[in-house]
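What follows is a short report on a single structure.
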Amino acid sequence: MGADRVNLLMPVPATANGRLHLGHIGGPMLRMDVLARHLRRCGEQVRMVSATDPHDSFVLLRALQEDRSPEEVVEYWHELIGRDLRAVGIDLDCFANLLTEPWATRNAEIIKQLMDDLVAEGLAEVVREKFLYCPASDRWIVGVWLLGSCPTCGAGCASYFCEECGTHYRPEMLADARSRFGLDEGPVEWRELPCLYLRLPNTEELTRRMVEMGVPQEFRDIVLRHIATQGPLLRLTVPGTWGVPYEVPGSPVPQVTFTYSVGVLAFWLLSAEMAGIEPGSESRSVASFGIDNSLPFLLGGLGMGLALSTVRPLDHVLLNHFHTLEGSKFSTSRGHVIWAEDMADEAGSDAVRAYLVEVNPARGTTDFARAEFWSYVDDVLIGQWQAAVHRAWSGPAGEADPLPLLEVQSRAIDPAHQDLVPALAAVHEWVHAATPTLAWLKGFALLAYPFTPAFATSVWQAIGGSGTPSTLDFTVRAPSAAPPLITFARSH
């Protein structure tokens, strides 16, 4: 079945308002790329697709800051996000700008159909809630323009959810709710508007499905806490004009669909078209995202998929905690950030990938520290991996069987219970048991490929393999070229 089945891998879309830093890469993006390379190594069909989210209201803030149109902002940052992904060897079969055709039209059509289906099946209801309004400027303080403190953890937040703890809230629930514009426009007051919300009919089914999928308890708790405090409700529309419009009964202002609920499920459905998967084809779908997106992806995307009779629900999810920089959260505004392309230019894509997997945030919050990174490059990648390859380079054909460790990797990388720590440990074990033979080189290339694809592929091709490392057999030959290096531009 594996050879015929298509694996559809969907890393979370990035908001098109800035580049990708190592925290973005070290979580959902890199985990998916490791899975994709592992599956292709085993001969399975893989389509990995993603996009940028153009309708997050933070695009409007960036447009104001840069004095550009929102469309120009999306186009500019989409290109730079793509460069960051390519710089660390993350290869997507399709990376869509959802403001360009045919994706803009299809995304809007899918969202509209989902909303109509939710209404038709009694899963959407009107909720009247309070929003801040400035009479002097006739401005509704919604989305990115709304600031306050999270009602759950107290962190400063904007819009409708907290990036620190994942809580979604109504504006009136915020402590110290205020306008991003301050009082420059004039005083604000609370006014009531109707919005559409998803009401999940069967939370027990969602809970059971999350357990079956192996969703860790701390991520399930975010969903269960929301249901306990706010009910099985999640926002479907927001006041505004930037996004896919949808009419809300009784609303005196235009509304658009919320990108962090129905937009999530729409992206998953659109991804099959982006990947060129024919309707009815046998496929396995896998999505990846961080802890801050737990609620929209689990209660929203997964819950909606389970509730709607017209949708086939997702098969697997890969989740991660935050990845910090030198002990504190990545912050663009404070300049506390390392962009993916910049680090790859400095250290090489393989070095960045291997270290981020070594400290991957699947089990808990982890940290990127420059001093530890360079020690890892020197001691492990060069002192151990590269040294072992060079010792075996001129050796005899010999014998070496990587199959037991490949099976360890396969179990560890499988999306049903992915844990990349033992998967990478299998490479370390192979290196520590190195024999100076060409057969050992073949095993190394196979085992290291998901993590350091450039170095592994150079070893693979030098000893007679074609393309990228795969479990397809070939006759090993003595290489004629000099042994490869794990290359990087050393600049501490």
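The shortest non-hydrogen separation linking C162 to C165 is SG-N, 3.6 Å. When every heavy atom of R353 is checked against every heavy atom of G89, the shortest pair comes out as NH1-O, 3.3 Å. The shortest heavy-atom contact between P70 and W242 is CB-CH2, 3.4 Å. Nearest heavy-atom pair, A456 versus A448, reported as atom, atom and distance to 0.1 Å: CB-C, 4.0 Å. A pairwise comparison of heavy atoms in A14 and L20 identifies CB-CD2, 3.8 Å as the closest pair.
Using a 4.5 Å heavy-atom cutoff, the side chains of L118 and L308 are in contact. Using a 4.5 Å heavy-atom cutoff, the side chains of T105 and E109 are in contact. Contact check for P135 versus R191: side-chain heavy atoms found under the 4.5 Å cut-off. Using a 4.5 Å heavy-atom cutoff, the side chains of C157 and L174 are in contact. Counting heavy atoms from C-beta outward, I111 and L265 have side chains that stay 4.5 Å or more apart. Residues L236 and M304 meet the side-chain proximity criterion, which asks for heavy atoms closer than 4.5 Å. Put simply, the side chain of V256 does not reach to within 4.5 Å of the side chain of V244, judged on heavy atoms. Annotation: side chain of L123 is not in contact with side chain of R199 (no heavy-atom distance under 4.5 Å).
Looking only at atom types and distance, the side chain of E72 has no donor-acceptor partner in the side chain of W77 under 3.5 Å away. With hydrogens and angles left out, the side-chain atoms of Y355 and D350 include no donor and acceptor closer than 3.5 Å. A donor-acceptor contact closer than 3.5 angstrom is absent between the side chains of E185 and S179. For the residue pair S149 and R178, no side-chain donor N or O sits within less than 3.5 Å of a side-chain acceptor on the partner.
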### Message
ring-ring contact (aromatic ring centres under 6.0 Å, His included) for W460 and Y449? Distances and angles first, verdict last.
### Response
CA-CA 9 Å; W460 179 260; Y449 174 65; 8.6 Å; no
### Message
Pair F322, F330 - check ring-ring contact (aromatic ring centres under 6.0 Å, His included), show working.
### Response
CA-CA 9 Å; F322 287 126; F330 282 85; over 10 Å; no
### Task
Please lay out, stage by stage, how W268 and F297 fare under the test ring-ring contact (aromatic ring centres under 6.0 Å, His included).
CA-CA 10 Å; W268 291 347; F297 278 67; 5.7 Å; yes
### Message
Please evaluate residues T324 and F368 with respect to the criterion side chain to side chain contact (heavy atoms under 4.5 Å, CB included), reporting the C-alpha separation (whole Å), side-chain torsions for both, the decisive distance (0.1 Å), and the verdict.
### Response
CA-CA 6 Å; T324 60; F368 185 96; over 6 Å; no
### Query
When you look at N7 and R47, which way does the side chain to side chain contact (heavy atoms under 4.5 Å, CB included) test go after all the steps?
CA-CA 6 Å; N7 294 274; R47 299 290 185 274; over 6 Å; no
### Message
Using the rule given for ring-ring contact (aromatic ring centres under 6.0 Å, His included), can you reason through H321 versus F219, listing the C-alpha separation, both sets of side-chain angles and the distance that settles it, and then say yes or no?
### Response
CA-CA 9 Å; H321 294 263; F219 294 89; 5.0 Å; yes
### Task
Test D117 against T310 for side chain to side chain donor-acceptor pair (under 3.5 Å), laying out the working first.
CA-CA 8 Å; D117 290 345; T310 55; 3.2 Å; yes
### Task
Please step through side chain to side chain donor-acceptor pair (under 3.5 Å) for the pair R5 and Q45, ending with a clear verdict.
CA-CA 7 Å; R5 177 185 62 190; Q45 296 186 63; over 6 Å; no
### Task
Give the C-alpha distance, both sets of side-chain angles, the deciding distance and a yes or no for side chain to side chain contact (heavy atoms under 4.5 Å, CB included) between M10 and S50.
CA-CA 6 Å; M10 302 170 289; S50 193; over 6 Å; no
### Check against side chain to side chain donor-acceptor pair (under 3.5 Å), T259 and H55
CA-CA 6 Å; T259 189; H55 294 142; 5.9 Å; no
### Task
Show your reasoning for whether side chain to side chain contact (heavy atoms under 4.5 Å, CB included) applies to V88 and M343.
CA-CA 9 Å; V88 291; M343 196 67 209; over 6 Å; no
### Message
D53 vs T15, test: side chain to side chain donor-acceptor pair (under 3.5 Å). Steps then yes/no.
### Response
CA-CA 5 Å; D53 178 3; T15 301; 4.7 Å; no
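Under a 3.5 Å cut-off, the side chain of N360 and the backbone N or O of V357 do form a donor-acceptor pair. A donor-acceptor pair is defined here as one N or O able to donate and one able to accept, closer than 3.5 Å; such a pair exists between the side chain of T237 and the backbone of L196. Under a 3.5 Å cut-off, the side chain of S285 and the backbone N or O of D315 do form a donor-acceptor pair. Of the possible donor and acceptor atoms, none in the side chain of S470 sits under 3.5 Å from a partner among the backbone N and O of R41. Between the side chain of R170 and the main chain of E129, no donor-acceptor pair closer than 3.5 Å is present. Not one N or O on the side chain of D292 forms a donor-acceptor pair closer than 3.5 Å with the backbone of E164. No donor-acceptor pair under 3.5 Å is formed between the side chain of H226 and the backbone N or O of V223. No donor-acceptor distance shorter than 3.5 angstrom exists from the side chain of D93 to the backbone of A275, with no hydrogens or angles considered. Listed for the T457 side chain is no donor-acceptor partner under 3.5 Å among the backbone atoms of A454. In this structure, S288 contributes its side chain and M32 its backbone to no donor-acceptor pair below 3.5 Å.
Classification of R128 and E192 as a salt-bridged pair holds, one side-chain N sitting under 4.0 Å from a carboxylate O. With salt bridges taken as basic N to acidic carboxylate O contacts below 4.0 Å, one links E79 and R86. The existence of a salt bridge linking R106 and E101 is excluded, since no basic side-chain nitrogen approaches an acidic carboxylate oxygen closer than 4.0 Å.
The only option from L270, I277, L8, L92 that meets the side chain to side chain contact (heavy atoms under 4.5 Å, CB included) definition with V49 turns out to be L8.
Counting non-hydrogen atoms of other residues, nucleotides and ligands closer than 6.0 Å to CD of Q461 gives a total above 12. Within a 6.0 Å radius of CZ in R220, more than 12 heavy atoms belonging to other residues, nucleotides or ligands are found. Taking a 6.0 Å sphere around CD of E212, one finds it holds more than 12 heavy atoms contributed by other residues, nucleotides or ligands. Enclosure of atom NZ in K130 is not indicated, since only 12 or fewer non-hydrogen atoms of other residues, nucleotides or ligands lie within 6.0 angstrom.
Taking the six-membered ring for Trp and the full ring otherwise, H168 and Y260 have centroids separated by 6.0 Å or more.
Using cut-offs of 30° and 60° for the angle between ring planes, the Y160 and F131 rings count as perpendicular.
Stacking of R62 on the aromatic ring of Y76 is not recorded, the 6.0 Å distance cut-off and the 45° axial limit not both being met.
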